[in-house]
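Have a look at the structure below, then the notes.
Numbered from 1 within each chain, the chains take letters A, B, ... in sequence-line order. These figures come from a predicted structure and were not determined experimentally.
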2 protein chains.
Amino acid sequence: MEILIAEDDEQIANSLRKNFAEDGNPVMIAKDGEEAIHFLKSISFDVILLDWRMPKVSGIEVCRYIRESGSKIPIILLTALSQVKNKVEALNLGADDYVTKPFSFDELAARINAVVRRYQSNTNELIFNDITLDLIGRKVKTPRGEIYLSGKEFDLLKYFILHKGSIMSKEDICKEVWGVNFVPSTNVVEATVKNLRRKIEDNYGKNLIKSIYGEGYLFIVE
Amino acid sequence: MEILIAEDDEQIANSLRKNFAEDGNPVMIAKDGEEAIHFLKSISFDVILLDWRMPKVSGIEVCRYIRESGSKIPIILLTALSQVKNKVEALNLGADDYVTKPFSFDELAARINAVVRRYQSNTNELIFNDITLDLIGRKVKTPRGEIYLSGKEFDLLKYFILHKGSIMSKEDICKEVWGVNFVPSTNVVEATVKNLRRKIEDNYGKNLIKSIYGEGYLFIVE
DNA sequence: GTTAAATATGAATGAATTTTCATTATTGTT
DNA sequence: AACAATAATGAAAATTCATTCATATTTAAC
């Protein structure tokens with residue numbers, strides 16, 4: 001999880017960096033609000049921690065800037081200002097949480113997780129290795145570009161990825177993808193699997209959809 | 001905003017109810033965790049406030065129950081337990097925030113807003129009056145049932161609702177819905193508007209898509 | 001290896017969707 | 001009111017999609 005910390009107190013910043021590093025989370029430190037905005041323009045983070053009082057541009061201004069630019073990235077204010085009016089201002093401006101110094105690192109970490117979990121659980125992307133399904137735009141992105149799938153193919157791939165690693169019977173596939181409680185007497189499923197295979201395996205290079213004789217299909221996860 | 005409060009201390013519960021009522025938010029009070037779960041089964045809320053220590057079923061158990069049942073509804077723990085380990089436990093279990101008693105009502109209200117805002121901004125539904133677009137399932141629900149829209153019609157309606165109340169030029173519509181940076185020499189847009197009008201206005205009864213001569217279209221919001 | 005069941009495939013069909021076009025209606029301007 | 005520009009409409013054409021069918025291939029069990 002990539003974390004951006006905007007904090008002018010070097011001691012606090014480094015202590016945080018050390019703690020996050022122990023959990024395996026890379027941290028980038030901006031020494032003021034201006035630098036934070038600069039970083040945000042080119043790098044993408046999972047969460048942003050902002051001190052309120054900083055040189056040049058304050059944390060609350062950075063928060064306002066981020067939300068006005070349309071980004072929904074999780075923001076946590078991390079400041080010594082403990083007055084209710086400050087908290088209310090920050091939260092109403094679009095901050096997701098407000099933690100007052102001094103704080104426990106464990107609590108901060110838990111709050112970050114809560115906020116990031118909520119953010120990510122609601123993203124409309126389904127990611128498998130380097131295949132990304134945009135569930136709203138109904139597009140499939142891979143490092144080699146976009147694959148164009150028809151409606152049924154997209155639904156089927158979505159079902160496969162959601163149930164990757166376990167065998168999916170044709171009954172279940174028909175129920176979910178075709179909305180019928182029986183396996184059609186024809187071979188629509190096989191035919192659609194065929195077309196889907198052609199499109200994604202051409203792009204991906206290797207076999208992803210395995211047939212399990214007599215049982216169904218298996219989307220391979222290594 | 002419908003709020004469920006699970007709190008066995010009647011005084012606190014009633015004080016909260018009064019405060020929320022002043023802001024125009026209806027509140028339901030459960031006197032223990034069991035009652036909270038009972039309410040949750042039949043009524044839908046926008047946010048849930050849980051006391052930790054309660055008779056029969058504790059708040060943390062209610063929280064666990066809600067998340068295990070698959071619901072993503074915002075949950076705030078509201079308790080006297082101020083230890084970090086309690087906060088961490090609750091947040092890791094799926095709570096969105098943790099507020100310790102005594103607390104400022106204004107801060108609580110701001111935290112509720114933050115959590116609900118994040119929840120709602122990420123739902124995959126676009127709601128306009130009593131028309132609901134399911135952006136993932138690509139279905140349109142109205143009180144009279146489902147309307148079936150074709151792909152382009154759905155995209156167009158989505159664009160209209162997202163930009164309701166302001167005039168949309170054909171250039172912008174073409175860019176967003178058809179993915180082209182010019183207005184086609186033919187009248188695809190008008191033709192699709194026609195079909196969309198037929199389908200939703202039949203169902204809705206009144207004119208929703210207004211043509212602005214020489215400028216574009218306007219989705220009416222009263 | 002043979003066999004029967006299951007799955008894969010290419011091509012064809014049929015259905016739905018998107019787009020086009022010719023015509024009619026509406027709007028704002030003079 | 002007449003005109004020109006813009007928008008609406010119905011129906012046809014073109015395209016895309018989902019499904020079917022006949023045939024080929026693969027699989028597991030004997």
Side-chain angles (χ1 to χ4, degrees), chain A residues 137-140 146-160 167-202 206-220, chain B residues 137-140 146-160 167-202 206-220:
Chain A
R138 305 204 124 225
K139 292 175 202 298
V140 180
E146 238 174 54
I147 312 179
Y148 177 67
L149 297 185
S150 76
K152 277 277 176 295
E153 288 160 5
F154 187 92
D155 290 343
L156 184 60
L157 177 57
K158 177 177 161 189
Y159 184 81
F160 278 165
I167 296 174
M168 298 161 267
S169 72
K170 276 176 198 162
E171 285 81 16
D172 292 343
I173 294 172
C174 288
K175 195 179 287 176
E176 194 70 24
V177 179
W178 274 267
V180 295
N181 285 313
F182 53 90
V183 178
S185 58
T186 62
N187 66 342
V188 234
V189 181
E190 289 88 340
T192 310
V193 167
K194 189 203 86 192
N195 293 327
L196 180 59
R197 272 187 174 136
R198 185 168 45 74
K199 288 184 186 174
I200 63 164
E201 293 179 353
D202 272 11
K206 56 186 158 184
N207 189 289
L208 283 173
I209 302 166
K210 195 166 166 17
S211 307
I212 310 294
Y213 190 88
E215 303 197 49
Y217 293 94
L218 172 66
F219 199 81
I220 293 169
Chain B
R138 305 205 124 225
K139 293 175 201 298
V140 180
E146 242 175 49
I147 313 180
Y148 178 68
L149 296 185
S150 76
K152 278 276 175 296
E153 288 160 6
F154 188 92
D155 290 343
L156 184 60
L157 177 58
K158 177 178 160 189
Y159 185 82
F160 277 165
I167 296 174
M168 297 162 266
S169 72
K170 274 174 200 165
E171 284 82 16
D172 293 341
I173 294 172
C174 288
K175 194 178 288 177
E176 193 70 24
V177 178
W178 275 267
V180 294
N181 284 314
F182 53 89
V183 179
S185 58
T186 61
N187 66 342
V188 236
V189 182
E190 289 89 338
T192 311
V193 166
K194 187 203 87 193
N195 293 327
L196 180 60
R197 272 188 176 134
R198 184 168 45 73
K199 287 185 185 171
I200 63 164
E201 294 179 353
D202 271 9
K206 55 186 159 185
N207 188 290
L208 282 173
I209 303 166
K210 194 164 163 24
S211 307
I212 310 296
Y213 190 88
E215 301 196 50
Y217 292 95
L218 172 66
F219 199 82
I220 294 170

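With C:dT19, D:dT19, C:dT17 as the candidates, the nucleotide lying closest to the side chain of B:S150 is C:dT17. Minimum atom distance to the side chain of A:K170 is reached by C:dT7, of the listed C:dC21, D:dG10, C:dT7. With distances taken from any side-chain atom of A:V188 to the nucleotides D:dA8, C:dT20, D:dT20, the minimum falls on D:dT20.
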Sub-3.5 Å pairs of nitrogen or oxygen atoms, protein against nucleotides 22-30 of chain D:
from   : atom 1 : to     : atom 2 : distance (Å)
D:dT27 : O2     : A:Y213 : OH     : 3.2

Return the polar atom pairs (N/O with N/O) between nucleotides 13-16 of chain D and the protein under 3.5 Å, or none.
none

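Residue-level contact check: B:L149 touches neither bases nor backbone, having no heavy atom under 4.0 Å from any strand. A:K152 comes within 4.0 angstrom of sugar-phosphate atoms only, judged by non-hydrogen atoms across all strands, and of no base.
Not a single ring-ring contact (aromatic ring centres under 6.0 Å, His included) links B:F160 to another residue, sequence neighbours left out. Every residue two or more places apart in sequence or in another chain that forms a side chain to side chain contact (heavy atoms under 4.5 Å, CB included) with A:N207 is listed here: A:E201, A:K210, A:I220.
For the atom pair OH of B:Y217 and CD1 of B:I212, the computed distance is 10.5 Å after rounding to the nearest 0.5 Å.
Sorted by first and then second residue, the salt bridge (charged side-chain N to carboxylate O under 4.0 Å, His left out) pairs involving residues 188-199 of chain A (not counting sequence neighbours) are A:E153-A:K199, A:K170-A:E190.
For the helix from C:dG1-D:dC30 to C:dT30-D:dA1, the end axes, each set by the C1' atoms of five terminal pairs, are bent relative to each other by 30° (nearest 10°).
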